[in-house]
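To start, the structure under review is shown below, and the notes come after it.
For clarity, every value in this text was computed on a predicted model and none was experimentally measured.
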Amino acid sequence: MVRLEDVSKVYRTDRIETTALDAISVTIEPGAFVSVMGPSGCGKSTLLNVMGLLDAPTGGTVSIDGAPIRGYRDREVASLRNAKVGFVFQSFHLIGDLTVADNVEIPLLYRRMAGGERRQRVAAALDRVGLTARRHHFPTQLSGGQQQRVAIARAIVGEPRLLLADEPTGNLDSQMGEEIMAVLHELNRQGTTIVMVTHDPRLAETTHRTIRLFDGRQVQ
């Protein structure tokens, strides 16, 4: 699904150079559920951004479905990302003056897709996360766990093969966190490949394997 070969990411300013990723080589197989762990500032979120084509590596190669991402124009990268990758963040990033259904529909607006098909996909995504009855509600009318489920529905409405989740339970209490993990595991059982950043070893233990980072290097 995703392969990183000797990937590095360096951020430079006029006075300082910071290495966020250093010679990372990892393969995420289709259908896997992989957790990423490490101390704050070790490069976990940068790793997800590079995997999800939000950020280009300074060195090395990123391949999606066996195809190296080289020489792509920004528009081509954005189109590939929209088609193949979904993102879930610790902060829900929902638009407050849009309904649940309208928030979920946003990724589809960047595709040439008829309104009827968009509505069908939104309905299917909300059904998968158990929020059909909330489609006309606004984010402020939802609990934190429900808002995160909306964010997951938005991430999967385009039927991506890869879902990248950056601390998806970080802003939730333990019960809501368990609800979100149940949703993620069900999506994985249905065939979605998932890479999840977490600080919680209990959550990591429920995934297929764990990648550990320290100071931008892979240590396990």
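The local environment of OH in Y11 is crowded, with over 12 non-hydrogen atoms from other residues, nucleotides or ligands closer than 6.0 Å. Shown here is Q175, whose CD atom has no more than 12 heavy atoms of other residues, nucleotides or ligands within 6.0 Å.
When atom types are taken as modelled, the side chain of R111 and the backbone of N82 share a donor-acceptor pair closer than 3.5 angstrom. At least one donor-acceptor pair under 3.5 Å links the side chain of S25 to the backbone N or O of D6. R154 contributes no side-chain N or O that, together with a main-chain N or O of I106, makes up a donor-acceptor pair within less than 3.5 Å. Of the possible donor and acceptor atoms, none in the side chain of K9 sits under 3.5 Å from a partner among the backbone N and O of D22. T19 contributes no side-chain N or O that, together with a main-chain N or O of L21, makes up a donor-acceptor pair within less than 3.5 Å. A donor-acceptor distance shorter than 3.5 angstrom exists from the side chain of R81 to the backbone of L53, with no hydrogens or angles considered.
For R189 and E186, the salt-bridge test passes: some basic side-chain N is under 4.0 Å from an acidic carboxylate O.
Closest non-hydrogen pair, R73 versus E76, comes out as N-OE1, 2.8 Å. In this structure, A155 and F87 approach most closely via the heavy-atom pair CB-O, 3.4 Å. The two residues G38 and K44 make their nearest non-hydrogen contact at O-NZ, 3.0 Å. Here the closest heavy-atom approach between residue A32 and residue N188 is recorded as O-ND2, 3.3 Å. The minimum heavy-atom distance linking L94 with P139 is given by the pair CB-CG, 4.0 Å. The two atoms that bring S63 and P68 nearest to each other are OG-CA, 3.5 Å, heavy atoms only.
Side-chain contact check for T58 and S8: no donor-acceptor pair (N or O, by modelled atom type) lies under 3.5 Å.
Here the straight-line distance linking atom CD of Q148 with atom CD1 of I180 works out to 5.5 Å at 0.5 Å rounding. Distance check, rounded to the nearest 0.5 Å: CE of M181 to OG1 of T206 gives 4.0 Å. Note that SG of C42 and CZ of R217 are 13.5 Å apart. Values are rounded to the nearest 0.5 Å. Distance check: N103 CG to F92 CZ gives 12.5 Å after rounding to the nearest 0.5 Å. In this structure, OG1 in T169 is found 10.0 Å from CD in E178, a value given to the nearest 0.5 Å. Atom CG of L126 is separated from atom CD1 of I156 by 8.5 Å, given to the nearest 0.5 angstrom.
Under the 4.5 Å side-chain criterion, counting only non-hydrogen atoms from C-beta, L4 is in contact with L47. With a 4.5 Å cut-off on side-chain heavy atoms, E179 and L172 do not count as touching. The side-chain heavy atoms of F138 and T99, taken from C-beta on, include a pair separated by under 4.5 Å. The side-chain heavy atoms of R134 and Q146, taken from C-beta on, include a pair separated by under 4.5 Å. Q218 has its side chain within reach of L213: a pair of non-hydrogen atoms, C-beta onward, lies under 4.5 Å apart. The shortest side-chain heavy-atom distance between V26 and M51 falls under the 4.5 Å cut-off. In this structure the side chain of V104 reaches within 4.5 angstrom of the side chain of V150, judged on heavy atoms. Using a 4.5 Å heavy-atom cutoff, the side chains of S91 and N171 are in contact.
Of the residues listed (I24, V219, I28), the one engaging I211 in a side chain to side chain contact (heavy atoms under 4.5 Å, CB included) is I28, and it is the only one. For the side chain to side chain contact (heavy atoms under 4.5 Å, CB included) with K84, the lone residue among V2, T193, L162, D65 that qualifies is D65.
Side-chain heavy atoms closer than 4.5 Å link hydrophobic residues (I, L, V, M, F, W, Y) into clusters, and following such links, even through other members, never connects L187 to L48. Residue V88 is not grouped with residue L54 when hydrophobic side chains (ILVMFWY) are merged at heavy-atom distances under 4.5 angstrom, including chains of intermediate members. Both V183 and V122 are assigned to one and the same hydrophobic cluster, defined by single-linkage of ILVMFWY side chains at heavy-atom distances under 4.5 Å. Cluster membership for I194 and F89, using ILVMFWY side-chain heavy atoms within less than 4.5 angstrom, is not shared. Grouping the Ile, Leu, Val, Met, Phe, Trp and Tyr side chains by contacts below 4.5 angstrom, directly or via other members, places V7 with L80.
A perpendicular orientation is assigned to the rings of F33 and H208, their planes being inclined by more than 60° (bins at 30° and 60°).
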(request) Decide yes or no on side chain to side chain contact (heavy atoms under 4.5 Å, CB included) for E167 and V197, but give the supporting numbers first. (result) CA-CA 5 Å; E167 292 281 359; V197 166; 4.1 Å; yes

